[in-house]
Trainee: 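Next up is a structure, given as structure tokens.
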Amino acid sequence: MEQDEFFLKVSRALSGCQMVEMELKLYLAHAVALIKKRLGDRMPFGMSGDDFQNHSLERLITEFKKFSDNQELVKRLSKFKDERNFLSHKAIASCMDSHNGYQEWQAASLDERLLKIEKEASDFFHAIHDESAKFLGYLWFEDEV
């Protein structure tokens with residue numbers, strides 16, 4: 001696989017991972033907003049979606065686990081985190097040699113893995129979105145209690 005093609009595949013997979021992080025942040029922000037809405041003036045609640053903006057994927061998964069009872073999704077996300085970390089921190093470096101530059105054979109060996117990460121990221125994005133759909137109606141349409 002040519003170097004430019006490899007970098008495009010890495011970019012597509014990474015952008016999918018970023019979408020997963022964004023969807024987790026949205027889920028958490030909406031969950032906190034619903035809690036705040038339901039509490040009203042009965043009790044101070046100082047959390048907001050901004051509390052999650054700089055969290056790593058691992059930390060977002062830890063927080064998501066506190067707001068979701070979908071343990072299977074949490075378990076799958078935790079496995080996915082390891083692949084995302086490989087992609088973010090090692091995939092490109094593993095295909096570069098300090099003396100010979102880009103190693104096409106090494107990049108080709110990652111092709112299936114990159115495609116799998118891209119597909120999984122899309123699946124996770126939709127799964128997290130579906131989880132938030134379980135409560136968003138209460139946030140947007142329910143009058144304050």
Side-chain angles (χ1 to χ4, degrees), residues 1-96 102-145:
M1 153 181 5
E2 295 292 321
Q3 185 173 352
D4 288 344
E5 181 185 359
F6 171 68
F7 288 139
L8 282 173
K9 286 183 178 190
V10 169
S11 296
R12 279 194 304 270
L14 277 174
S15 67
C17 295
Q18 289 300 113
M19 293 300 291
V20 169
E21 287 187 28
M22 182 202 71
E23 195 64 21
L24 283 167
K25 289 174 184 179
L26 283 172
Y27 178 97
L28 294 166
H30 289 138
V32 166
L34 178 59
I35 293 167
K36 186 175 265 189
K37 178 180 180 178
R38 296 301 302 260
L39 285 172
D41 293 332
R42 289 181 286 257
M43 178 182 165
F45 186 74
M47 290 183 75
S48 77
D50 291 340
D51 295 338
F52 309 105
Q53 288 308 308
N54 294 318
H55 284 10
S56 66
L57 178 59
E58 183 171 11
R59 183 89 186 272
L60 289 168
I61 294 167
T62 299
E63 297 298 328
F64 177 74
K65 184 178 180 178
K66 295 174 186 176
F67 291 90
S68 173
D69 62 357
N70 189 336
Q71 296 308 310
E72 181 59 31
L73 179 56
V74 170
K75 186 174 156 183
R76 288 177 44 231
L77 278 166
S78 293
K79 282 180 152 176
F80 176 73
K81 169 197 52 91
D82 295 335
E83 279 299 286
R84 182 265 191 206
N85 287 346
F86 165 78
L87 178 62
S88 298
H89 304 294
K90 296 179 183 172
I92 291 175
S94 73
C95 297
M96 302 301 282
Y102 176 71
Q103 300 296 299
E104 187 171 350
W105 62 271
Q106 181 64 24
S109 74
L110 295 177
D111 193 43
E112 285 183 37
R113 194 170 180 183
L114 292 174
L115 292 173
K116 183 179 177 191
I117 292 170
E118 184 179 354
K119 165 104 175 59
E120 285 182 332
S122 177
D123 293 346
F124 282 122
F125 175 85
H126 293 292
I128 296 162
H129 184 78
D130 290 346
E131 283 296 303
S132 64
K134 294 176 181 178
F135 67 83
L136 281 177
Y138 296 106
L139 175 61
W140 292 332
F141 302 111
E142 182 182 54
D143 290 336
E144 290 188 31
V145 181

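Residues: numbered from 1 along the sequence shown.
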Trainee: Which pair of heavy atoms, one from Gln106 and one from Ser109, lies closest together, and at what distance?
Mentor: O-OG, 2.6 Å

Trainee: May I ask you to decide if His129's main-chain N or O and Ser132's side chain share a donor-acceptor pair within less than 3.5 Å?
Mentor: yes

Trainee: Could you go through Ser122 and Lys119, starting from their C-alpha distance and side-chain angles, then the distance that decides it, and tell me whether this counts as side chain to side chain contact (heavy atoms under 4.5 Å, CB included)?
Mentor: CA-CA 5 Å; Ser122 177; Lys119 165 104 175 59; 5.8 Å; no

Trainee: How long is the straight-line distance from NZ of Lys37 back to CG of Leu39, given to the nearest 0.5 Å?
Mentor: 12.5 Å

Trainee: Could you tell me how the ring of Phe135 sits relative to the ring of Tyr27: parallel (under 30°), tilted (30 to 60°) or perpendicular (over 60°)?
Mentor: perpendicular

Trainee: Working note: Arg59 + Glu63, criterion side chain to side chain contact (heavy atoms under 4.5 Å, CB included); need CA distance, chi angles, decisive distance, verdict.
Mentor: CA-CA 6 Å; Arg59 183 89 186 272; Glu63 297 298 328; 3.7 Å; yes

Trainee: Roughly how far, to the nearest 0.5 Å, is CE of Met19 from CG of Leu24?
Mentor: 11.5 Å

Trainee: Roughly how far, to the nearest 0.5 Å, is CZ of Arg12 from CG of Leu115?
Mentor: 7.5 Å

Trainee: Which is it for Arg76 and Glu120 under the side chain to side chain contact (heavy atoms under 4.5 Å, CB included) test, yes or no, and what are the steps along the way?
Mentor: CA-CA 10 Å; Arg76 288 177 44 231; Glu120 285 182 332; over 6 Å; no

Trainee: Is Lys81 close to Ile61 at the side-chain level, that is, under 4.5 Å between some pair of heavy atoms?
Mentor: yes

Trainee: Side chains of Leu77 and Leu60: closer than 4.5 Å at any heavy-atom pair?
Mentor: no

Trainee: Below 4.5 Å, heavy atoms only, C-beta onward: do Met47 and Lys36 meet side chain to side chain?
Mentor: no

Trainee: Might you point out which heavy atoms bring Glu142 and Tyr138 nearest each other, and give the distance in Å?
Mentor: CB-O, 3.1 Å

Trainee: Taking all atoms of both residues into account, what is the closest heavy-atom pair of Ala121 and Cys17, and its distance?
Mentor: CB-N, 3.8 Å

Trainee: Below 4.5 Å, heavy atoms only, C-beta onward: do Glu23 and Leu26 meet side chain to side chain?
Mentor: yes

Trainee: List the atom of Phe64, the atom of Ile128, and the distance in Å for their closest heavy-atom pair.
Mentor: CE1-CG2, 4.5 Å

Trainee: Verify side chain to side chain contact (heavy atoms under 4.5 Å, CB included) between Tyr102 and Met1, making sure each step is shown before the conclusion.
Mentor: CA-CA 10 Å; Tyr102 176 71; Met1 153 181 5; 4.1 Å; yes

Trainee: Measure up the Phe52 and Phe67 rings against each other and bin them: parallel (under 30°), tilted (30 to 60°), perpendicular (over 60°).
Mentor: perpendicular

Trainee: Less than 4.5 Å apart, side chain to side chain, heavy atoms only: is that true for Leu110 and Ser94?
Mentor: yes

Trainee: Once rounded to the nearest 0.5 Å, what's the spacing between atom CD of Gln53 and atom CE of Met22?
Mentor: 10.5 Å

Trainee: Looking at side-chain heavy atoms only, is the closest gap between Phe80 and Ile117 below 4.5 Å?
Mentor: yes

Trainee: Show your reasoning for whether salt bridge (Lys or Arg N to Asp or Glu O under 4.0 Å) applies to Lys9 and Glu5.
Mentor: CA-CA 6 Å; Lys9 286 183 178 190; Glu5 181 185 359; 3.6 Å; yes

Trainee: Check whether any side-chain heavy atom of Val32 lies under 4.5 Å from a side-chain heavy atom of Asp51, and answer yes or no.
Mentor: no

Trainee: Nearest 0.5 Å please: distance from the CG atom of Asn85 over to the CD atom of Glu58.
Mentor: 7.5 Å

Trainee: With Asn70 as reference, evaluate Glu131, Lys75, Lys65 under the side chain to side chain contact (heavy atoms under 4.5 Å, CB included) test and give the passing residue.
Mentor: Glu131

Trainee: Return the CG to CD distance between Leu87 and Glu118, rounded to the nearest 0.5 Å.
Mentor: 10.0 Å

Trainee: Determine whether more than 12 heavy atoms belonging to other residues, nucleotides or ligands lie under 6.0 Å from atom CD of Glu2.
Mentor: no

Trainee: Using the ring of Phe124 (Phe, Tyr or Trp, six-membered ring only), decide whether Arg84 places NZ or CZ under 6.0 Å from its centre and within 45 degrees of its axis.
Mentor: no

Trainee: Counting only heavy atoms from other residues, nucleotides and ligands, does the tally under 6.0 Å from CG of Asp82 exceed 12?
Mentor: yes

